[in-house]
Amino acid sequence: MTEPIIQLAQADADDIADFKKELQDAFAVAVVNEMKEDPGEPIPSDEELDASFNAQGAVTLRILCEGRKIGGAVVSINDVNRHNSLDLFFLKLGEEGRGLGHKAWLAIEKLYPETRVWQTFTPYFEKRNIHFYVNKCGFKIIEFFNSHHPDPSHPVSGRLPVDEGFLFEKVM
């Protein structure tokens, strides 16, 4: 069997509504598993997603598998210091667990070969993400945020079940 081909394309304005919904559906699974109930509103909110999409240096990418939209990512690119961040990353429900996320991450690295350092964040309860970033993608945990050491760039909104999370870094 041939390996699936992963491609990246910049998301266009006509696709943003679907992108948001798919991302929110994917994120909801972990939140519902942790909270044992539906939070009653999308996480992240449309406003939070709009802020990510419109941040300075942000690029909204569609992840394609043989032409099919299977997920997306938002990266922030700093052309001056080449310290970039992976702000959002998801696979659509049903697409996870087959190595497509890892292939998508490798495609992102290849798309930005001048990157010196990548950083990303994930909540403490997202065990699959922690495994993915550390064991599959080669990131290292560089900081643990909690009530004794809050993260100024991810303030606690009260909508997530915990105020704990990890900052990951990958030096290229």
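Note that these values count all heavy atoms, side chains included, but never hydrogens, waters or copies made by symmetry. Along the sequence shown, residues carry numbers from 1. Just so you know, these numbers come straight off a predicted model, no measurement behind them.
Here the straight-line distance linking atom CD1 of I43 with atom CG of L23 works out to 11.5 Å at 0.5 Å rounding. Here NZ of K103 is found 10.0 Å from CZ of R98. Values are rounded to the nearest 0.5 Å. Residue K110 holds its NZ atom at 14.5 Å from OG1 of T115, rounded to the nearest 0.5 Å. Atoms CD1 and CG, from I130 and N135 in turn, are 10.0 Å apart once rounded to the nearest 0.5 Å.
Connection of I77 to L111 is established within a shared hydrophobic cluster, with ILVMFWY side chains joined at heavy-atom distances below 4.5 Å, either directly or through further cluster members. I70 and L8 fall within the same hydrophobic cluster, where Ile, Leu, Val, Met, Phe, Trp and Tyr residues are linked whenever their side-chain heavy atoms come under 4.5 Å apart, directly or through other members. The hydrophobic clustering, which links ILVMFWY residues whose side-chain heavy atoms are closer than 4.5 Å, places F139 and Y112 together. Hydrophobic clustering keeps I63 apart from F19 (ILVMFWY residues linked when any side-chain heavy atoms are closer than 4.5 Å, directly or through intermediates). Tracing side-chain contacts under 4.5 Å through hydrophobic residues (I, L, V, M, F, W, Y), one never reaches F168 starting from V74; they form parts of separate clusters.
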side-chain contact (heavy atoms from CB on, under 4.5 Å) between I16 and L49, intermediate numbers included: CA-CA 10 Å; I16 292 298; L49 290 177; over 6 Å; no
Test log, rule side-chain contact (heavy atoms from CB on, under 4.5 Å), inputs V59 and Q10: CA-CA 7 Å; V59 181; Q10 198 152 351; 4.1 Å; yes
Verdict with reasoning, K20 to D50, per side-chain contact (heavy atoms from CB on, under 4.5 Å): CA-CA 9 Å; K20 285 181 182 179; D50 289 339; 2.6 Å; yes
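Annotation: F132 is in aromatic contact with F89 [ring centroid separation under 6.0 Å]. Separation of the Y133 and F121 ring centroids does not fall under the 6.0 Å cut-off.
For the residue pair Q119 and I142, the shortest heavy atom distance occurs at NE2-CD1, 3.5 Å. Between K92 and F90 the shortest heavy-atom distance is N-CD1, 4.0 Å. Nearest heavy atom pair, residue I108 against residue A73, reads CD1-CB, 3.8 Å. Nearest approach of H102 to K136, heavy atoms of both residues: NE2-O, 3.1 Å. Closest heavy-atom contact between I6 and A107: CG2-CB, 4.4 Å. Taking all atoms of both residues into account, the shortest heavy-atom contact from L86 to T120 is O-OG1, 2.7 Å.
Of the N and O atoms on the side chains of D87 and S52, not one donor lies less than 3.5 Å from an acceptor on the other residue. Looking at D46 and Q24, their side chains do bring a donor and an acceptor atom within 3.5 Å of each other.
In terms of modelled atom types and a separation under 3.5 Å, the side chain of K170 and the main chain of C137 share a donor-acceptor contact. Side chain of N84 to backbone of N78: a donor-acceptor contact under 3.5 angstrom is found.
Between R128 and E96, no side-chain nitrogen of the basic residue sits less than 4.0 Å from a carboxylate oxygen of the acidic one, so the salt-bridge criterion is not met. Ion pairing between K69 and E22 fails under the 4.0 Å rule for side-chain N and carboxylate O. Using a cut-off of 4.0 Å between Lys/Arg side-chain N and Asp/Glu carboxylate O, R62 and D12 are scored as not salt-bridged.
Under the 4.5 Å side-chain criterion, counting only non-hydrogen atoms from C-beta, E169 is not in contact with L167. With a 4.5 Å cut-off on side-chain heavy atoms, N81 and R116 do not count as touching.
More than 12 non-hydrogen atoms from other residues, nucleotides or ligands lie less than 6.0 angstrom from CD1 of I141. Atom CD of E66 has more than 12 neighbouring heavy atoms from other residues, nucleotides or ligands inside a 6.0 Å radius.
Using bins of under 30°, 30° to 60° and over 60° for the plane-to-plane angle, the ring pair Y124/F166 lands in the tilted bin.
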